[in-house]
Amino acid sequence: MPANRLSMRKIKEVLRLKWANDLSDRKIAQSCKLSRPAVVNYVSRAEEAGLSWPLPDTLTDAELERLLFPALHKLSARDRVPPDLLKVHQELQKKNVTLFLLWQEYREQHPKGYQYSWFCDQYRNWLGSRDLSMRQTHRAGEKLFVDYAGHTLPVIDPRTGEIRSTQIFVAVLGASNYTYAEATWSQSLPDWIGSHQRCFDFFGGLPELVVPDNLRSGVTKAHRYEPDLNPTYLEMATHYGVAIVPARVRKPKDKAKAEVGVQIVERWILASLRNHSFFSLTDLNLAIQRLVLKLNQRPFKKLPGSRGELFQSLDKPALKALPMTPYVYAEWKLVRVHIDYHVDIEGHYYSVPYRLVKQQLDARITENTIEVFNKGERVASHLRSWLKGHHTTLNAHRPEAHQHYGDWSPERFMSWAEKIGSATRQVITVVLQERRHPEQGYRSCLGILRLAKTYSDARLEAACTRALLLGTCRYKSIESILKHGLDSKPVVVEEESALPQQHENVRGSTYYH
């Protein structure tokens with residue numbers, strides 16, 4: 001069965017957790033929200049393909065997909081024998097009998113039968129749903145529960161007196177209850193990732209699993225069984241070598257440790273600071289750190305020792321070492337390649353190879369760089385620019401001179417404009433000539449010409465005539481003329497406006513012929 005981009009990302013995560021982290025199939029299935037047989041299947045396919053971790057840098061998602069999922073003969077429904085669901089139900093009443101065992105016996109009798117996931121779905125649909133409760137166990141160094149407190153703390157701006165609420169991040173280790181807390185300005189993705197980094201530094205090591213709530217910063221699409229992790233959160237987890245296992249929606253038992261930890265932080269730290277005034281985030285976090293230290297040293301009421309003592313004896317020896325290199329924060333964004341073979345990232349346009357026009361790609365955005373990926377393969381890399389409305393273009397991404405690619409070219413835009421009128425054609429010519437590369441004007445040209453669909457050819461021609469007289473051929477200017485009905489009003493100019501005919505940056509009317 002072919003895998004889409006998200007599936008390939010999950011398969012890579014399965015292989016990393018299996019070969020690099022040495023997690024059990026059950027833990028991997030829980031982290032990646034897959035069935036355990038699916039995990040076994042992916043690992044088995046990878047081993048049969050001769051793969052090992054780390055995967056080769058040159059191996060693209062498409063190549064990995066071909067290795068793991070070679071073309072298979074598709075069986076029709078009549079070739080498959082459905083299971084006897086009544087017999088399945090009766091067999092399940094026997095001791096130690098599982099659906100997986102019954103499915104294996106079914107496939108031994110019918111090698112061309114249905115896959116395990118279909119087998120389970122049909123049985124569950126036949127039987128109906130039943131509520132299951134999972135018992136929570138916490139091994140040393142295994143789980144770290146993270147969440148935000150429901151209460152906030154105020155910080156006063158000393159210059160303006162403005163009061164700003166802060167969010168309280170809480171992390172609790174499962175075995176020892178060792179607790180970390182800090183204040184951030186928001187629950188946004190940068191603050192969420194930064195809190196994890198500082199939390200790992202505080203513990204001096206890494207757990208096997210991180211269990212967050214279904215916070216939007218960490219989980220892009222909350223789902224009871226298969227929440228989708230934010231790509232940045234997943235990238236951070238890969239860097240630190242931890243697995244992310246989000247709590248299920250409306251299942252507080254999945255994050256009981258975090259709930260209790262938040263409650264304790266609210267009672268022992270936030271309540272203690274309720275009458276204090278803070279004038280910077282740094283001062284607030286220093287106060288929180290002092291109280292966190294006291295909380296971890298405070299003896300348990302019903303158990304011997306404290307959180308700190310249990311941490312030293314249980315969790316700390318079991319934690320994995322921190323990586324040698326720091327994590328570089330990066331955000332991921334889906335981008336669509338425009339007809340000018342550029343992608344828009346925060347108002348600046350970056351080039352990609354022209355053959356990718358109209359395709360959807362992944363952009364990795366850091367403070368200093370922009371990287372663009374197609375199915376896991378990097379196709380472009382640029383230094384980040386903060387100039388909105390400008391282009392960053394590599395010559396290697398451009399088609400050969402005057403070569404048409406797709407259906408778009410300067411000649412096509414001018415031919416389209418000519419059908420509307422001479423003034424429109426002149427505006428399009430100016431837009432193309434003003435750019436270092438004519439393709440950089442394609443967005444503006446397309447926007448200007450499409451105004452005719454909204455306002456008619458005649459009005460667009462009149463608006464372009466006015467724009468030429470005023471010396472402004474930008475899309476927004478022409479749109480404003482049409483929106484305010486200025487195309488029907490005369491233009492009063494003191495002297496004739498003329499476009500420069502000779503200039504080192506002007507190609508001339510014969511350039512595109």
Side-chain angles (χ1 to χ4, degrees), residues 133-155 164-188 191-192 194-196 198-200 202-203 207 209-219 222 224 227 244-276 278 281 284-312 314-316:
S133 178
M134 183 183 299
R135 182 184 176 187
Q136 296 281 338
T137 57
H138 304 296
R139 292 188 293 107
E142 180 188 27
K143 293 180 181 179
L144 174 68
F145 297 86
V146 294
D147 202 355
Y148 281 103
H151 296 82
T152 62
L153 284 175
V155 172
R164 186 176 178 183
S165 296
T166 62
Q167 306 297 315
I168 309 301
F169 174 86
V170 179
V172 180
L173 283 169
S176 64
N177 290 317
Y178 199 61
T179 301
Y180 172 79
E182 71 168 23
T184 59
W185 287 123
S186 70
Q187 296 185 16
S188 63
D191 282 335
W192 173 250
S195 291
H196 278 70
R198 292 182 289 272
C199 171
F200 294 151
F202 173 80
F203 292 130
L209 310 175
V210 176
V211 184
D213 191 6
N214 278 288
L215 177 72
R216 187 171 182 82
S217 296
V219 181
R224 182 176 180 182
I244 306 296
V245 185
R248 293 175 295 172
V249 179
R250 292 184 294 277
K251 290 291 179 178
K253 290 183 180 180
D254 287 3
K255 52 174 183 174
K257 284 281 183 178
E259 296 284 359
V260 173
V262 164
Q263 186 179 71
I264 290 174
V265 167
E266 289 176 343
R267 291 179 178 177
W268 290 90
I269 297 178
L270 304 190
S272 299
L273 299 175
R274 69 188 186 281
N275 295 323
H276 293 252
F278 300 96
L281 190 65
L284 173 57
N285 275 319
L286 288 175
I288 291 175
Q289 289 172 15
R290 288 192 291 268
L291 292 175
V292 165
L293 180 62
K294 291 182 179 180
L295 172 64
N296 287 324
Q297 292 176 342
R298 186 169 59 89
F300 290 120
K301 290 184 178 179
K302 298 182 180 180
L303 296 173
S306 65
R307 290 174 174 80
E309 292 171 351
L310 281 182
F311 172 72
Q312 294 295 331
L314 291 178
D315 278 319
K316 187 173 182 179

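Only heavy atoms go into these numbers, but all of them, side chains included; no hydrogens, no water, no symmetry mates. The first residue in the sequence is number 1, and the count goes up from there.
The distance from atom CD1 of I168 to atom OG1 of T184, rounded to the nearest 0.5 Å, is 7.5 Å. Atom CG of N296 and atom CD of E309 lie 11.0 Å apart (nearest 0.5 Å). Taken from OG in S186 to CG in D191, the straight-line distance is 3.5 Å, to the nearest 0.5 Å. Note that CG of L314 is 10.5 Å distant from CG of L173, once rounded to the nearest 0.5 Å. The line from CZ of F203 to CG of D315 is 8.0 Å long, rounded to the nearest 0.5 Å. With rounding to the nearest 0.5 angstrom, the OG1 atom of T166 is 11.0 Å from the CD atom of Q187.
Using the six-membered ring where Trp is involved, Y178 and F202 have ring planes that are parallel, under 30° apart on the 30 and 60° scheme. By the 30° and 60° cut-offs, the orientation of the rings of F169 relative to W192 is perpendicular.
Across all non-hydrogen atoms, the minimal contact from V262 to A149 is CG1-CA, 3.6 Å. When all heavy atoms of A287 and F278 are compared, the pair lying nearest together is CB-CE2, 3.7 Å. The heavy-atom pair separating F311 from S176 by the smallest distance is N-CB, 3.5 Å. Nearest heavy atoms, L144 versus A171: CD1-CB, 3.9 Å. Looking at every heavy atom in both residues, I288 comes nearest to A181 through CG2-O, 3.6 Å.
Counting heavy atoms from C-beta outward, L291 and L295 have side chains that stay 4.5 Å or more apart. Within the 4.5 Å cutoff, no side-chain heavy atoms of V170 are placed close to those of D147.
The side chain to side chain donor-acceptor pair (under 3.5 Å) analysis of residues 265-276, with sequence neighbours excluded, yields the pairs H151-E266.
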Query raised in the report: Where do V172 and T179 land on the side-chain contact (heavy atoms from CB on, under 4.5 Å) test, with the steps shown first?
Result: CA-CA 5 Å; V172 180; T179 301; 4.0 Å; yes

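Put simply, the side chain of R307 gets close to the backbone of N177: a donor and an acceptor are under 3.5 Å apart.
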